[in-house]
Amino acid sequence: MEHAHIPEIPVSIFSLKHTFESAQPLTFYADYNEVSNTIVYPYDSSVINLMHSGDDEKGTLHIMGRHAAPATGEVSRRFRLSDDMQKIYKKINTDQSMAKAISAYRGMRLTLNDPWETTLVFIISQFNNVKRIRLITRNIIQRFGKEIYDSGGKAVAKGFPQSADLMKGTEKDFRDLGAGFRAKYIKSAAEYCTNNLNLGKLPAGKYEKLRDSLMEIDGVGGKVADCIALMGYGNLEAFPIDVHIKRAMERIYFKGRKMGMAQIQEFAEGRWGVYRGYAQQYLFHNARVSGRK
DNA sequence: ACCCAGGCGGGCG
DNA sequence: CGCCCGCATGGG
């Protein structure tokens, strides 16, 4: 089938750039080319190549790659293309700070990632920085991922290793790949998610139950469980509170006073309701970018 | 040199 | 219960 039709998806209020740069699981191992506005990432047994043309208000996603046609639905799910951003913005645009964040990163989507990939990435994320999370994640993929070949039989990438694949690694292996004290968590999570907890069977829509189940994993506490619920299961009720969110919210909404996690959670629920996961992503990205210098 | 990073588990009061 | 501490590693 030469000159195969390139699948296209019309998209509006969508920014591949802001989405990629907002430190979500996919972005730790995908490659992004800002000039061509293209993202390349391994998925299943092939590589998906996604180009965004037009502008963020109204554009087109072009899907290229060996399995481009069957990947169309997957791209739509993964980038949450059916989210009604007008409606979501209306719900979370509650004040001047949110308005500025939405304006600055308009089109940024939450992404929906594989639950196991998300679990591993956020176990690595604890007490760590984004650059090293990315490094460690890539090291683990390089060491334990399976080769992905193009139609000519050339190895082009490595797929994300499943939990069973990581069971072959020792704690020392993960330490050598840069995981540090998290190595023991990676090892035990690989075992637990292979033998005891089927991540594919957890109830994505039941926030409390989902969160409690995820916290059975050693090394997964409340914050990491919220990240997995949000970005691995698409549960928008999850509101992960990390150091950036905590600081930003204390400053913006609590006159600089130190607040407990429960109080901040309660505030977020009351203010942004079932869309608080989206509010979190805009607050987080804004705080992180404006915190750099 | 010093401080910080998408926190967590464990121990203590 | 809540509080507090140690924790690997590398970048600013």
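Lettering follows sequence order; numbering is per chain, from 1. All values below come from the heavy atoms of this structure, side chains included, with hydrogens, waters and symmetry mates left out.
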**OP:** Could you identify which residues of residues 224-232 of chain A place a heavy atom less than 4.0 Å from some atom of DNA chain B, listed by residue number, or say none?
**Re:** V224(A), M231(A)

**OP:** May I ask you to say what R134(A) touches in the nucleic acid, namely base, sugar-phosphate or nothing, with a heavy-atom cut-off under 4.0 Å?
**Re:** nothing

Original post:
Regarding S125(A) and N128(A), is there a side-chain donor-to-acceptor distance under 3.5 Å anywhere?
Top reply: no

Identify each atom pair where a protein N or O and an N or O of nucleotides 7-9 of chain C are less than 3.5 Å apart, giving names and distance.
residue	atom	partner	partner atom	Å
dA8(C)	O4'	F181(A)	N	3.1
dA8(C)	N1	F127(A)	O	3.1
dA8(C)	N1	R182(A)	NH2	3.3
dT9(C)	O4'	R132(A)	NH2	3.4
dT9(C)	O2	R132(A)	NH1	2.9

**OP:** Return yes if a side-chain donor-acceptor contact under 3.5 Å exists between Y207(A) and Y233(A), otherwise no.
**Re:** no

Subject >> Side-chain donor-acceptor contact under 3.5 Å, Y29(A) with E117(A) >> reply: yes

Subject >> Between T94(A) and R271(A), a side-chain donor and acceptor under 3.5 Å >> reply: yes

Original post:
Can D31(A) and R138(A) be said to form a salt bridge (Lys or Arg N to Asp or Glu O under 4.0 Å), step by step?
Top reply: CA-CA 11 Å; D31(A) 288 311; R138(A) 293 192 140 191; 2.7 Å; yes

**OP:** Kindly say whether the aromatic ring centers of Y192(A) and W116(A) come within a distance under 6.0 Å.
**Re:** no

Original post:
How close or far is atom P of dG12(C) from atom CZ of R288(A), stated in whole angstroms?
Top reply: 12 Å

Original post:
How about I13(A) and E57(A): do any of their side-chain heavy atoms sit closer than 4.5 Å?
Top reply: yes

**OP:** Using side chain to side chain contact (heavy atoms under 4.5 Å, CB included) as the criterion, list what pairs up with N49(A), not counting sequence neighbours.
**Re:** T38(A), V40(A), M64(A)

Subject >> Residues which pass side chain to side chain contact (heavy atoms under 4.5 Å, CB included) with N139(A), listed by chain and number, not counting sequence neighbours >> reply: L135(A), L177(A)

**OP:** Tell me yes or no: between the side chains of K209(A) and S213(A), is some donor less than 3.5 Å from an acceptor?
**Re:** yes

Subject >> P-based separation of dA8(C) from dG10(B) [nearest Å] >> reply: 14 Å

**OP:** Could you check how far CG of L214(A) sits from P of dG7(B), rounded to whole Å?
**Re:** 17 Å

Subject >> Whether F239(A) and W272(A) hold their rings parallel, tilted or perpendicular, with breakpoints at 30° and 60° >> reply: parallel

**OP:** Could you tell me the separation between the CZ atom of R138(A) and the C1' atom of dG10(C), rounded to a whole number of Å?
**Re:** 17 Å

Original post:
Step by step, would you call Y278(A) with Y89(A) a side chain to side chain contact (heavy atoms under 4.5 Å, CB included)?
Top reply: CA-CA 9 Å; Y278(A) 252 108; Y89(A) 287 154; 5.9 Å; no

Are any protein N/O atoms closer than 3.5 Å to N/O atoms in nucleotides 9-11 of chain B? If there are, list each pair with its distance.
residue	atom	partner	partner atom	Å
dG9(B)	OP1	G219(A)	N	3.1

Subject >> Stems where DNA chain B pairs, listed by first number, each of three or more Watson-Crick or G-U pairs under 3.5 Å >> reply: B:2-5 with C:9-12, B:7-13 with C:1-7

Subject >> Value in whole Å for how far the P atom of dC4(B) lies from CG of D242(A) >> reply: 15 Å

Subject >> Side-chain donor-acceptor pair present, T111(A), Q24(A), cut-off under 3.5 Å >> reply: yes

**OP:** Specify the separation, in whole Å, of atom NZ of K246(A) and atom P of dC4(B).
**Re:** 14 Å

**OP:** Provide, to the nearest angstrom, the distance between the CD1 atom belonging to I136(A) and the C1' atom belonging to dG7(B).
**Re:** 14 Å

